[in-house]
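So the structure is just underneath, and the comments pick up after that.
We name chains A, B, ... by the order of the sequence lines, and we start the count at 1 in each one. Just so you know, these numbers use all the heavy atoms, side chains as well, and skip hydrogens, waters and symmetry mates.
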Amino acid sequence: MPELPEVETLCRQLRSKIVSSRIAGISILDSRLQLPEHVKGQQVISVTRRGKWIVIGLDDGRRLEIHLRMTGRLLWQEKEAALPMHCRLVFDLYSHQVVIVDPRRFATLSLAGGGEGHDGAVDALASRCAETLIAKGCKRRRPLKSFLMDQGIIRGIGNIYACEILYRAGLSPRRETAGLSPDDWRNVEKAIGAVLTKAIDCRGTSISDWRDLFGNKGEYQKELLVYGREGQKCHRCGELVHRERLLGRGTWFCPGCQM
DNA sequence: CGAACGACCTGTTCGC
DNA sequence: TGCGAACAGGTCGTTC
């Protein structure tokens with residue numbers, strides 16, 4: 001579910017609520033989730049995002065890292081409120097709690113110490129990432145879409161936004177990265193910035209069950225130009241939007257104007 | 001080595 | 001209507 005804009009939305013909202021709060025208690029309701037000792041009592045000093053990871057900085061220098069995968073959500077509620085369905089873990093603060101809700105149970109959390117892990121991937125919102133992408137993509141015979149979704153290369157883009165970015169850039173998801181011109185890469189970079197920035201402004205895409213920290217839907221589903229529009233007319237050229245499976249993922253594009 | 005595929009889970013939607 | 005198959009925002013380990 002959550003790609004970069006959804007995670008960024010949660011981070012901003014979390015930051016406004018939990019920084020300088022103390023974690024009064026943790027309840028784990030799903031045996032798949034585990035957490036080392038001594039998180040209880042820690043004070044939250046920061047909330048940041050790394051790709052699709054939510055990183056909560058603690059008092060003692062360690063970091064609590066949450067990845068919501070496909071269906072994970074975070075919910076802010078008063079302590080006395082009833083726990084929602086598919087509740088997996090609860091962080092109790094002073095008067096409120098942060099709840100991890102996740103029907104498919106893919107979400108993970110872990111505790112990291114020491115310095116930042118450095119794997120060389122750039123954040124999708126880093127300015128002027130085109131140079132990095134060209135350097136990494138120029139020799140690969142690999143579909144552009146899978147390249148953009150590779151978190152080891154560029155962090156934050158998932159299936160929905162990959163489709164939207166490629167549409168904006170006018171490039172086919174199947175194009176091999178090795179064949180792209182510098183202009184193509186500049187278009188990709190521009191599309192990444194435009195799509196993700198707008199999606200953050202909209203607080204994400206509520207196609208089905210995405211909700212922000214306060215249970216509100218996002219608005220970017222109203223801005224989608226190709227995702228989920230199979231068989232409908234392309235807004236740009238009038239051709240019918242096509243859908244196929246690429247790397248096992250539903251992939252929407254316009255065969256008329258994405259070359 | 002890079003790239004493709006199945007697995008991890010549960011819920012919802014689609015087709016017969 | 002009922003039931004099984006296909007599909008869903010993401011990654012990871014294994015295989016080719």
Determine the Euclidean distance between corresponding C1' atoms of B/dG11 and C/dC12; express it in Å to zero decimal places.
-> 23 Å
Can you tell me how far P in B/dT12 sits from the matching atom in C/dT11, rounded to whole Å?
-> 23 Å
Nearest whole angstrom, please: distance from the C1' of C/dG10 to the CZ of A/Arg32.
-> 13 Å
Do any N or O atoms of the protein come closer than 3.5 Å to N or O atoms of nucleotides 4-8 of chain C, and which pairs are they?
residue: C/dA8; atom: OP1; partner: A/Arg243; partner atom: NH2; Å: 2.9
residue: C/dA8; atom: OP2; partner: A/Arg245; partner atom: NH1; Å: 3.2
residue: C/dA8; atom: OP2; partner: A/Arg245; partner atom: NH2; Å: 3.4
residue: C/dA8; atom: N3; partner: A/Arg104; partner atom: NH1; Å: 3.1

Here the side-chain hydrogen bond (donor to acceptor under 3.5 Å, both in side chains) pairs for residues 246-259 of chain A, sequence neighbours left out, are A/Lys145-A/Thr251
Residues A/Asp184, A/Arg175: salt bridge by 4.0 Å N-O rule | yes
Please give, in whole Å, the distance from C/dC16 C1' to A/Leu247 CG?
-> 16 Å
Roughly how far apart, to the nearest Å, are C/dA6 and B/dA7 at atom P?
-> 14 Å
Residues clustered with A/Phe106, ILVMFWY side-chain links under 4.5 angstrom | A/Met70
Thinking salt bridges, do A/Asp30 and A/Arg105 make one under a 4.0 Å N-O criterion?
-> yes
Just call it for A/Leu68: base, sugar-phosphate, or nothing, with non-hydrogen atoms closer than 4.0 Å on any strand.
-> nothing
Just distance, no hydrogens or angles: give the donor-acceptor pairs under 3.5 Å from side chains in residues 218-227 of chain A, sequence neighbours left out.
residue: A/Glu219; atom: OE1; partner: A/Lys222; partner atom: NZ; Å: 2.4
residue: A/Gln221; atom: OE1; partner: A/Ser206; partner atom: N; Å: 2.9
residue: A/Gln221; atom: NE2; partner: A/Gly218; partner atom: O; Å: 2.9

Tell me, please, which residues at least two apart from A/Thr177 pass side chain to side chain donor-acceptor pair (under 3.5 Å).
-> none
Using a heavy-atom cut-off of under 4.0 Å over every strand shown, decide if A/Asp102 touches base, sugar-phosphate, or nothing.
-> nothing
Transitive ILVMFWY cluster of A/Val99, excluding itself - 4.5 Å side-chain cut-off | A/Leu29, A/Leu75, A/Leu83, A/Val90, A/Val101
Just distance, no hydrogens or angles: give the donor-acceptor pairs under 3.5 Å from side chains in residues 52-59 of chain A, sequence neighbours left out.
residue: A/Lys52; atom: NZ; partner: A/Ile157; partner atom: O; Å: 3.3

Contact interval (first through last nucleotide) of DNA chain B with protein chain A, 4.0 Å heavy-atom = B/dA3 to B/dG11
Pairs touching residues 159-173 of chain A that satisfy salt bridge (Lys or Arg N to Asp or Glu O under 4.0 Å), sequence neighbours left out | none
Using only side-chain N and O atoms of A/His67, determine if any of them is under 4.0 Å from OP1 or OP2 of C/dG10.
-> no
A/Arg12: side chain to side chain donor-acceptor pair (under 3.5 Å) partners, not counting sequence neighbours = A/Glu8
Is the shortest side-chain N/O distance from A/Gln151 to OP1 or OP2 of C/dG10 below 4.0 Å?
-> no
By salt bridge (charged side-chain N to carboxylate O under 4.0 Å, His left out), which residues pair with A/Arg229, not counting sequence neighbours?
-> none
May I have the distance from A/Leu4 (atom CG) to C/dT11 (atom P), rounded to whole angstrom?
-> 11 Å
Taking pairs as Watson-Crick (N1-N3 plus N6-O4 or O6-N4) or G-U wobble (N1-O2 and O6-N3), each distance under 3.5 Å, the stems of three or more consecutive pairs with DNA chain C are B:2-8 with C:10-16, B:10-16 with C:2-8
Looking at A/Tyr167, is A/Arg236 sitting on its ring face, NZ or CZ under 6.0 Å from the six-membered ring centre and within 45 degrees of the normal?
-> yes
Separation of C/dG10 atom C1' from A/Glu6 atom CD, nearest Å, is 12 Å
Protein-nucleotide distance (A/Leu148, atom CG; C/dT11, atom P), rounded to Å = 14 Å
